[in-house]
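Read through the structure below, which is laid out as structure tokens, and then see the notes.
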Amino acid sequence: MATWKVLDLRQRKTYGPHDGELIVLHMIPKSAWGRSERYLTGRLRTEAGRTWMLSGGSVASPAELRKHYDLRWLRLPEDTI
């Protein structure tokens with residue numbers, strides 16, 4: 001069984017996740033004030049030195065999410081048909 005890993009944007013080239021990989025992002029609130037745990041499924045992409053999470057037509061910045069959440073990630077298998 002795979003384990004959740006801390007998302008470290010500075011070490012992505014070494015430890016992942018790499019651009020284009022299908023991942024699930026577990027967002028754990030740093031404080032309980034008005035926030036709940038969330039999950040976001042999508043792919044990371046780097047453009048002009050910034051990392052973005054592309055998920056179902058929406059875009060999120062993990063760097064901005066880190067201000068309010070502890071981020072963990074898990075690699076998902078690609079569909080093979």
Which atom names give the shortest non-hydrogen contact between S61 and R50, and what distance separates them? OG-NH2, 3.3 Å
So, for S36 and P29, which heavy atoms are closest and what is the spacing to 0.1 Å? C-CG, 3.8 Å
Do L65 and L44 belong to the same hydrophobic cluster, where Ile, Leu, Val, Met, Phe, Trp and Tyr are linked whenever their side-chain heavy atoms lie under 4.5 Å apart, directly or via other members? yes
Grouping ILVMFWY residues whenever side-chain heavy atoms fall under 4.5 Å, the cluster of L74 otherwise contains W4, L22, V24, Y39, L76
Under 4.5 Å side-chain linkage, directly or through intermediates, the cluster mates of Y15: none
If you measure from the Lys or Arg side-chain nitrogens to the Asp or Glu carboxylate oxygens, is any gap between E78 and R43 under 4.0 Å? yes
Output yes when a side-chain donor or acceptor of Q11 lies under 3.5 Å from a complementary backbone atom of D8, and no otherwise. no
Set of side chain to side chain contact (heavy atoms under 4.5 Å, CB included) partners for K5, sequence neighbours left out: W73, R75
Point-to-point distance, once rounded to the nearest 0.5 Å, from OG1 of T41 to NE2 of H26: 11.5 Å
Are any non-hydrogen side-chain atoms of R72 and V6 less than 4.5 angstrom apart? yes
Inter-residue atom distance K13.NZ - D19.CG, 0.5 Å rounding: 9.5 Å
S55: side chain to side chain contact (heavy atoms under 4.5 Å, CB included) partners, not counting sequence neighbours: L40, S58
Once side chain to side chain contact (heavy atoms under 4.5 Å, CB included) is applied, do any residues pair with L9, and if so which ones, sequence neighbours excluded? L7, R12, T51, P62, A63, R66
For R45, check side chain to side chain contact (heavy atoms under 4.5 Å, CB included) against everything at least two apart and list the hits. E47, L54
